[in-house]
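Notes for the one structure printed next.
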Amino acid sequence: MTNFKTGGPWITRFAPSPTGVLHLGNVRTAILNHLLARQSGGKFLLRLEDTDQERSTFAAEAAILWSLSWLGLAPDEPVRHQSLRLPLYRRTVERLLAEDKAYPCFCTDTELERERQQAAADNLPPRYSGRCAKLSKDERIERLGQGLPHTVRFRSTSEADIRFADLIKGEISVPATAFGDFVLLRSNGWPSYNLAVVVDDMDMGVNLVLRGEDHLTNTARQILLYRALDHIPPSFAHHGLLVDPEGKKLSKRSGALSIPECIEMGLKPLAVTQFLASLSGALPTKSLFASLEDMARAFNPFALGRGNAVMNIEELKSLSARVFRAEDPSGVVATLDQTLSEDDPWHSLDEQNRRDLVSSLRENASNLEELRSLLPHFTARELSFTPRSMTELAQSRPLLAALDQALAAHQPESRLSKEAVAALLRQIGEQAGVKGRLLYHPIRLALTGFESGSELTALLTLLPVNRLRERITAITIFPHCNHKE
RNA sequence: GUCCCCAUCGUCUAGUGGCCUAGGACGGCGGCCUCUCACGCCGCUAACAGGGGUUCAAACCCCCUUGGGGACGCCA
């Protein structure tokens with residue numbers, strides 16, 4: 001039997017319909033397909049299922065492609081559009097028609113709707129009755145001749161249950177009665193989902209279909225189609241769905257984040273991919289990965305979980321913060337170089353200083369935005385204080401004077417070493433007769449304007465001596481009061 | 001309603017009949033570090049849904065119950 005070990009290399013695909021933005025549920029499927037293809041030395045393909053003319057938009061298509069590229073999920077072959085391959089689907093349907101494996105159906109929407117309501121009232125499954133399947137050859141020719149609008153349906157009457165070995169779930173059995181004759185070609189000439197999927201997966205050489213378990217019954221339909229077309233079906237693997245903390249279907253407010261929203265929140269793409277893959281059980285959360293390739297190497301398809309996965313935003317955020325703190329600071333430095341306004345004091349810092357600043361501040365931030373908001377602690381030209389802080393500073397005047405004096409002994413342009421800072425703090429602490437909070441807190445306040453932040457000794461090494469003294473002088477002359485409190 | 005799938009700490013999971021007194025991660029709680037917040041480190045917490053079988057032995061195999069999810073479109 002084929003399984004993740006004996007099969008492969010896997011040619012996988014992600015096949016979204018361009019009808020909206022990608023959310024975490026969709027993306028999980030894409031990531032799993034991508035990692036599996038990479039891990040097995042196969043290929044990851046991308047196909048846009050834009051056969052619904054009413055709902056598909058170019059804006060959605062662009063957003064999807066953009067989101068995938070943000071995640072780093074580039075396909076190995078050009079993106080395929082189903083809307084560009086209509087003749088292929090049509091030819092396939094004609095073949096099935098000729099072999100009497102499909103038939104035209106002239107039932108109208110209202111007729112079908114009435115049937116469904118009747119079935120519901122009778123507590124029967126809402127399925128197509130197969131009325132048009134029984135039409136005689138002459139009746140068919142006559143109606144076709146009249147140019148009546150019609151769909152083409154597949155004769156799905158199978159006497160045996162449809163069985164297949166799902167690579168994640170194991171043996172699956174779908175009863176032959178689970179669905180009726182389904183539509184292959186709509187009355188507007190466009191293919192239905194099931195037809196297009198089968199034709200394209202065959203044509204693209206896809207050998208593993210990995211998708212959400214909401215497609216389980218579609219799989220049975222598709223297997224029937226493969227048989228009708230004398231083609232061996234690919235392997236199938238169905239993962240559980242993403243659900244909210246209550247176990248309900250993921251809704252907007254329960255964490256159905258879209259990728260644009262993830263970007264807005266400052267989440268790291270690698271964190272999103274790792275989180276989603278680990279939610280499926282196929283990747284550990286403990287270690288961090290440097291790249292998607294790294295992740296693919298560690299990816300274990302055997303561990304893919306069968307059940308649903310509960311979306312936990314806090315866990316995603318915490319993973320993202322870890323990723324953010326672990327990456328090389330130069331990327332962040334470069335981003336700040338480009339995005340901070342030209343007159344921002346940031347640009348007056350030298351390269352080493354900028355790196356040190358980022359490394360230090362990052363410990364208190366979980367993403368770029370938070371880091372950016374901490375920057376003024378160090379770079380602001382003028383600090384402002386609350387009345388309460390000013391009281392504390394006034395009381396600490398002797399201490400601050402001692403600090404200023406001690407700083408005067410150092411080169412104005414230089415930055416202090418950690419050791420020098422430690423010695424200096426000890427010295428002025430003794431001089432002013434204070435220690436602990438009474439020593440550190442006023443200094444932090446005076447130098448940053450904030451009551452909390454990164455380690456004080458690191459802080460003192462980050463600014464050149466003259467800047468430190470400027471700040472102390474500023475508050476002893478006339479500090480800015482923050483009236484907002 | 002019918003059919004399908006799923007069921008281990010709060011969450012993601014390890015577990016494929018004896019290595020299970022059920023392991024890890026995240027969270028929570030406590031502590032250490034510490035001027036603060038965060039990071040980091042240490043410790044603790046907490047689960048086999050219930051009931052029947054099979055077996056010398058069951059988290060693991062079978063059945064039932066319960067709970068959850070999904071599917072039943074000229075959407076994908």
Side-chain angles (χ1 to χ4, degrees), chain A residues 15-19 49-52 54-56 82 105 107-109 112-113 116 119-128 149-153 161 166 168-170 172-175 177-180 182-194 196-197 212-221 238 240-241 243 245-249 275 278-287 302-303 305-312 314-316 318-319 321-322 325 361-366 370 374 425 435-445 448 450-457:
Chain A
S17 62
T19 54
E49 309 217 317
D50 51 356
T51 54
D52 186 334
E54 283 79 53
R55 297 200 304 145
S56 299
Q82 290 186 327
C105 170
C107 295
T108 63
D109 281 346
L112 293 172
E113 184 52 35
R116 266 193 289 273
D122 297 344
N123 273 344
L124 256 30
R127 254 165 239 151
Y128 180 58
H150 64 277
T151 61
V152 176
R153 284 183 188 270
D161 292 351
D166 190 284
I168 292 174
K169 292 190 178 279
I172 301 282
S173 169
V174 178
T177 54
F179 47 85
F182 54 92
V183 170
L184 296 176
L185 209 60
R186 298 189 265 156
S187 56
N188 64 5
W190 287 65
S192 73
Y193 164 76
N194 281 299
V197 163
E213 68 181 23
D214 49 337
H215 283 291
L216 236 24
T217 32
N218 279 330
T219 303
R221 291 189 183 89
H238 292 88
L241 270 19
V243 295
E246 276 80 49
K248 304 290 178 203
K249 194 174 182 164
F275 172 73
S278 65
L279 254 193
S280 314
L283 218 53
T285 24
K286 188 172 184 172
S287 45
F302 281 96
R306 310 130 291 261
N308 289 348
V310 178
M311 173 65 207
N312 183 338
E314 290 313 310
E315 207 165 315
L316 171 56
S318 118
L319 182 64
R322 283 168 65 202
R325 291 181 189 124
L361 288 180
R362 197 161 59 168
E363 295 308 313
N364 283 61
S366 58
E370 285 180 24
L374 294 175
L425 286 174
K435 56 182 177 179
R437 188 190 154 83
L438 287 174
L439 168 63
Y440 287 95
H441 199 257
I443 295 179
R444 164 183 301 287
L445 210 47
T448 69
F450 290 85
E451 308 224 15
S452 67
S454 54
E455 199 189 337
L456 187 60
T457 45

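Each chain gets a letter, A, B and so on, in the order its sequence line appears, and its residues count up from 1.
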Picking from B:rA71, B:rA76, B:rU13, the nucleotide nearest the side-chain atoms of A:T217 would be B:rA71
Judged by nearest nucleotide, the residue sitting upstream toward the 5' end of RNA chain B, A:P126 or A:E363, is A:E363
Of B:rC35, B:rA76, B:rA14, the nucleotide closest to the side chain of A:H441 is B:rC35
Task: Pairwise C1' distance for B:rA47 and B:rC20, with rounding to whole Å - done: 13 Å
- Distance-only donor-acceptor test (3.5 Å): side chain A:R325, base B:rC39: no
- Task: Would you classify A:N194 as touching base, sugar-phosphate or nothing, given that sugar-phosphate means primed atoms plus P, OP1 and OP2, and contacts are heavy atoms under 4.0 Å?
- Result: nothing
Please state the P separation for the pair B:rG10 and B:rG50 - nearest whole angstrom. 13 Å
To the nearest angstrom, the CG-C1' distance between A:N308 and B:rU8 comes to 16 Å
- Base, sugar-phosphate alone, or nothing: which one does A:T19 contact when heavy atoms must sit under 4.0 Å apart? nothing
Worksheet entry | Test: A:D52 and A:R55 ion pair at under 4.0 Å | yes
To the nearest 0.5 Å, atom CZ of A:F450 lies from atom CZ of A:R444 at 11.0 Å
Take atom C1' in B:rG24 and the same atom in B:rG69, then report the distance between them in whole Å. 27 Å
Check your understanding: Counting any heavy atom closer than 4.0 Å, what does A:G307 reach on the DNA or RNA strands: base, sugar-phosphate only, or nothing?
Key -> sugar-phosphate
In short, A:F182 meets A:N194 closest at the heavy-atom pair CE1-CB, 4.1 Å
Of A:E314 and A:V174, the one whose closest nucleotide on RNA chain B sits nearer the 5' end is A:V174
A:R127 atom CZ is separated from B:rG1 atom C1', nearest whole Å, by 11 Å
_Give me the distance, rounded to whole Å, that separates B:rU66 from B:rC44 when you measure between the P atoms they each carry._
40 Å
Distance below 4.0 Å between A:R153 side-chain N/O and B:rC74 OP1 or OP2:
yes
Partner of B:rA25 under the Watson-Crick or G-U wobble criteria, both distances under 3.5 Å, comes out as B:rU11
Is there a donor-acceptor contact under 3.5 Å from the side chain of A:R127 to the main chain of A:A178?
yes
Rounded to whole Å, the CD1-C1' distance (A:I168 to B:rG70) equals 15 Å
### Query
Counting just side-chain N and O atoms, does A:R362 come under 4.0 Å of either OP1 or OP2 of B:rC39?
no
* To do: With heavy atoms under 4.0 Å as the rule, sort A:C105 into base, sugar-phosphate or nothing.
  => nothing
By the Watson-Crick or G-U definition, both distances under 3.5 Å, B:rA47 is matched with none
In whole angstroms, the gap separating C1' of B:rA71 from CZ of A:R116 amounts to 14 Å
* Asked: Touch check for A:T151, heavy atoms < 4.0 angstrom, all strands: base, sugar-phosphate only, or nothing?
  -> base
Testing B:rC72, B:rC26, B:rC5 for proximity to the side chain of A:R221, the answer is B:rC72
Using Watson-Crick geometry (N1-N3 plus N6-O4 or O6-N4) or G-U wobble (N1-O2, O6-N3), each under 3.5 Å, B:rC61 is paired with B:rG53
Closest to the side chain of A:N364, out of B:rA38, B:rC4, B:rC74, is B:rA38
Query raised in the report: Can you tell me if the side-chain N/O atoms of A:R186 get under 4.0 Å from OP1 or OP2 in B:rC75?
Result: yes
OG1 (A:T19) and CG (A:D50) are apart, to the nearest 0.5 Å, by 10.5 Å
Between the OG atom in A:S278 and the CG atom in A:L316, the distance rounded to the nearest 0.5 Å is 9.0 Å
note: A:W190, atom CH2; B:rA76, atom P; distance rounded to Å ~ 10 Å
d(A:R306 CZ, A:K169 NZ) to nearest 0.5 Å is 8.5 Å
- Mark yes or no for a side-chain to base donor-acceptor pair under 3.5 Å between A:N218 and B:rA76, with no hydrogen or angle criteria applied. yes
In whole angstrom, give me the gap between the P atoms of B:rC60 and B:rU16.
12 Å
A:R444 has its side chain closest, among B:rG69, B:rC12, B:rC35, to B:rC35
Scanning all shown strands, the Watson-Crick or wobble mate of B:rC72 with both distances under 3.5 Å is B:rG1
Applying the 3.5 Å cut-off to both distances, the Watson-Crick or G-U partner of B:rC37 turns out to be none
**Message:** Check this for me: does the side-chain of A:S187 come within 3.5 Å of the base of B:rC74 through a donor and an acceptor?
**Reply:** yes
Against the side chain of A:V310, the closest entry in B:rG69, B:rA76, B:rC12 is B:rC12
### Message
What's A:T51 touching, base or sugar-phosphate or nothing? Going by heavy atoms closer than 4.0 Å.
### Response
sugar-phosphate
note: A:Y193, atom OH; B:rG73, atom P; distance rounded to Å ~ 15 Å
Subject >> Between B:rU13 and B:rC74 - C1' atom distance, rounded Å >> reply: 43 Å
What contact category does A:L439 fall into here, base, sugar-phosphate, or nothing, at under 4.0 angstrom with non-hydrogen atoms?
nothing
From CG of A:L425 across to C1' of B:rU34 the rounded distance in Å is 14 Å
Separation of B:rC74 atom P from A:D109 atom CG, nearest Å, is 8 Å
Give me the distance, rounded to whole Å, that separates B:rU11 from B:rG28 when you measure between the C1' atoms they each carry. 12 Å
Testing B:rG69, B:rC74, B:rU11 for proximity to the side chain of A:E315, the answer is B:rU11
Identify whether any heavy atom of A:H215 sits under 4.0 Å from a base atom; if not, whether one sits that close to sugar-phosphate; answer base, sugar-phosphate or nothing. base
Closest of B:rC6, B:rG27, B:rG70 to the A:D214 side chain is B:rG70
Interatomic distance, SG@A:C107 vs CZ@A:R153, rounded to 0.5 Å, equals 6.5 Å
Looking only at B:rC3, B:rG69, B:rC74, the nucleotide nearest the A:A178 side chain is B:rC3
In this structure, OH of A:Y128 is separated from CG of A:L112 (nearest 0.5 Å) by 6.5 Å
Discussion item. Check whether A:N308 reaches the backbone of A:G240 with its side chain - one donor and one acceptor, N or O, closer than 3.5 Å.
Written reply: no
Winner on side-chain proximity to A:L241, out of B:rG70, B:rU2, B:rC5, is B:rG70
- prompt: Which whole number of Å gives the distance between the P atom of B:rG51 and that of B:rA59?
  reply: 12 Å
